[in-house]
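Shown next, in structure tokens, is the structure this report addresses.
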Amino acid sequence: MLKEHFSVNSLGHLVIGNLDAVELAERFGTPLYVVDEQRIRERYRRYLRAFSSRWPEVRIHYALKANSNMAVVKILQSEGAGADVSSEIELRIALNVGILGEKIVFNGNYKTHRELELAILNDVLINVDSFQELETIDKIARRLGKRARIGFRINPDIRADTHPYIAVGLRESKFGFDVPSGQALAAYERAKEMPSVEVLGIHANVGSQILDASPFVEEAEKIMGIVSEVKEKFDIDIKFVDFGGGIGIPYKPGDKELPPEEVAEKMVNVVKRVVHEEGLEKPMLLLEPGRFIVGDSCVLLARVGYIKERPGMPDWVAVDAGMNALMRPALYGAYHHIELANKMNQRNELLVNVAGPLCESGDFLGKDRRLPKVEQGDLAVVFDVGAYGLAMACQHTAQPRPAMVLVNGEKAEIVRRRETYDDLTRLDRIPGWLK
Ligand SMILES: *Cc1c(COP(=O)(O)O)cnc(C)c1O
């Protein structure tokens with residue numbers, strides 16, 4: 001059941017890269033995120049090849065919100081990836097690791113003036129989300145003496161089978177220009193008259209953790225329909241067709257993967273057909289994968305502290321990582337597979353719930369799981385935490401966020417150090433009258 005980039009050594013320990021997970025935990029402490037550099041590279045190359053082998057011009061914009069650690073973003077920069085950012089700091093991280101502004105897209109429904117300024121100055125492609133944002137961008141660009149490079153985010157009105165919080169393509173969702181009412185077309189018409197914006201793109205995003213190709217095909221049909229209408233009505237050639245991200249990964253044993261090759265084949269067929277039928281210029285395809293690239297590259301190691309036996313019910317196993325370290329189980333009811341990294345060859349015979357150290361009932365990593373006979377000091381490993389793991393970690397109960405280690409073959413180095421008392425209290429002040 002282990003994914004292909006992991007193995008088990010003669011001691012029965014989990015191996016990541018070429019390193020023993022038990023030794024990594026001893027060397028760097030727990031809770032510990034461990035990322036496999038080679039796995040990120042493999043996933044990036046596979047995703048890129050899926051599309052670039054089917055269409056002449058393709059660019060992958062890694063979605064930083066999945067994992068914005070600088071070392072992770074640097075790995076993708078070294079592969080030639082662009083970036084999808086949605087905040088000032090993500091934008092600055094992308095620029096700082098050496099991704100050119102022209103290879104960055106900026107998404108989101110609330111971009112501040114400061115963010116827009118930074119984006120315009122760096123020639124970032126801004127996916128505009130509302131009429132008011134369009135006016136704001138035109139004004140800022142004029143003041144800066146620049147032409148802002150923009151696309152429009154379209155609301156694709158697509159129902160994808162995923163958690164409601166990450167199904168962002170529904171008509172009622174807050175994102176994008178509405179299509180049926182004519183607002184999407186009106187946005188292109190308005191932008192065409194603006195001297196300080198250059199209309200280059202179209203964008204949609206159907207959601208996240210999608211394991212079925214059909215929403216992506218529907219998306220391609222809708223977007224390409226608008227691309228033709230915009231050409232026909234306003235003579236605008238859309239150069240960048242940005243399909244967003246969203247391809248999911250298997251989390252649970254038995255989940256089936258959605259191969260990016262299948263998605264690419266079906267989406268590119270739609271693009272080819274429409275470009276041919278309507279006699280359009282061939283656009284560049286932009287893709288914004290996050291989870292697919294980094295999701296399964298990373299595990300969370302956590303030390304077993306206490307085991308509470310409960311007659312007739314699953315035992316409680318308390319580990320040193322909770323919802324603060326990994327929020328997805330508490331927030332989305334997400335499943336993350338758990339094993340004991342020091343007992344990989346033993347039979348999973350015990351029924352347990354795995355909990356963290358925080359004082360609330362939402363603080364669990366997994367319920368009704370099977371593990372080998374658990375003892376104090378065992379090392380739990382939580383799989384597939386590379387996306388929306390450390391990126392969403394918080395400091396609930398003043399728990400320091402975990403450290404992260406990057407592994408490459410035999411090498412391992414800290415890429416984010418563990419937080420300390422000083423880190424957690426640095427921003428607090430006691431007012432004068434209480435001193
Ligand atoms: C979150 C997000 C992505 C990445 O989604 P994944 O499911 O991680 O691939 C891409 N584009 C936009 C606009 C997003 O909000």
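Order of listing sets the numbers, starting from 1, for every ligand and every atom in it.
- The heavy atom nearest to atom 3 (C) of ligand 1, out of those in Lys65, Gln209, Arg153, is found in Lys65.
- Close approach of ligand 1 to Arg291 (heavy-atom distance below 4.0 Å) involves ligand atoms 6 (P), 8 (O), 9 (O).
- Polar contact with ligand 1: absent for Gly244 (N/O pair, distance under 3.5 Å).
- Annotation: Ala66 places no N or O atom under 3.5 Å from an N or O atom of ligand 1; distance criterion only.
- Short contacts between ligand 1 and Glu288, defined as distances under 4.0 Å to a heavy atom of the residue, involve ligand atoms 3 (C), 4 (C), 9 (O), 10 (C), 11 (N), 12 (C), 13 (C).
- Shown are Asp157, Val206, Val227; of these, the side-chain contact (heavy atoms from CB on, under 4.5 Å) with Lys222 is made only by Asp157.
- Annotation for ligand 1: atoms under 4.0 Å from non-hydrogen atoms of Pro289 are 9 (O).
- Between Arg190 and Glu193 a salt bridge is recorded (basic side-chain N to carboxylate O distance below 4.0 Å).
- A side-chain contact (heavy atoms from CB on, under 4.5 Å) with Leu301 is found for one member of Leu379, Val405, Val382 and no other, namely Leu379.
- Every atom of ligand 1 is numbered from 1 in the order shown, and the set under 4.0 Å from a heavy atom of Asp84 is 3 (C), 10 (C), 11 (N), 12 (C).
- Where the criterion is an N or O separation shorter than 3.5 Å, residue side chain and backbone included, His203 fails it with respect to ligand 1.
- At a threshold of 4.0 Å, the pair Glu257-Arg46 counts as salt-bridged, since one of the basic side-chain nitrogens sits closer than that to a carboxylate oxygen.
- Closest heavy-atom approach to atom 7 (O) of ligand 1 within the set Gly245, Gly295, Ser208: this belongs to Ser208.
- Residues Asn408 and Gln38 bring a donor and an acceptor atom of their side chains to less than 3.5 Å of each other.
- Of the N and O atoms on the side chains of Ser181 and Asp178, at least one donor lies less than 3.5 Å from an acceptor on the other residue.
- Salt-bridge formation is detected for the pair Glu88/Arg114: a Lys NZ or Arg NE/NH1/NH2 atom is positioned less than 4.0 Å from an Asp or Glu carboxylate oxygen.
- Near Tyr388, meaning under 4.0 Å from any of its heavy atoms, are these atoms of ligand 1: 1 (C), 4 (C), 5 (O), 6 (P), 8 (O).
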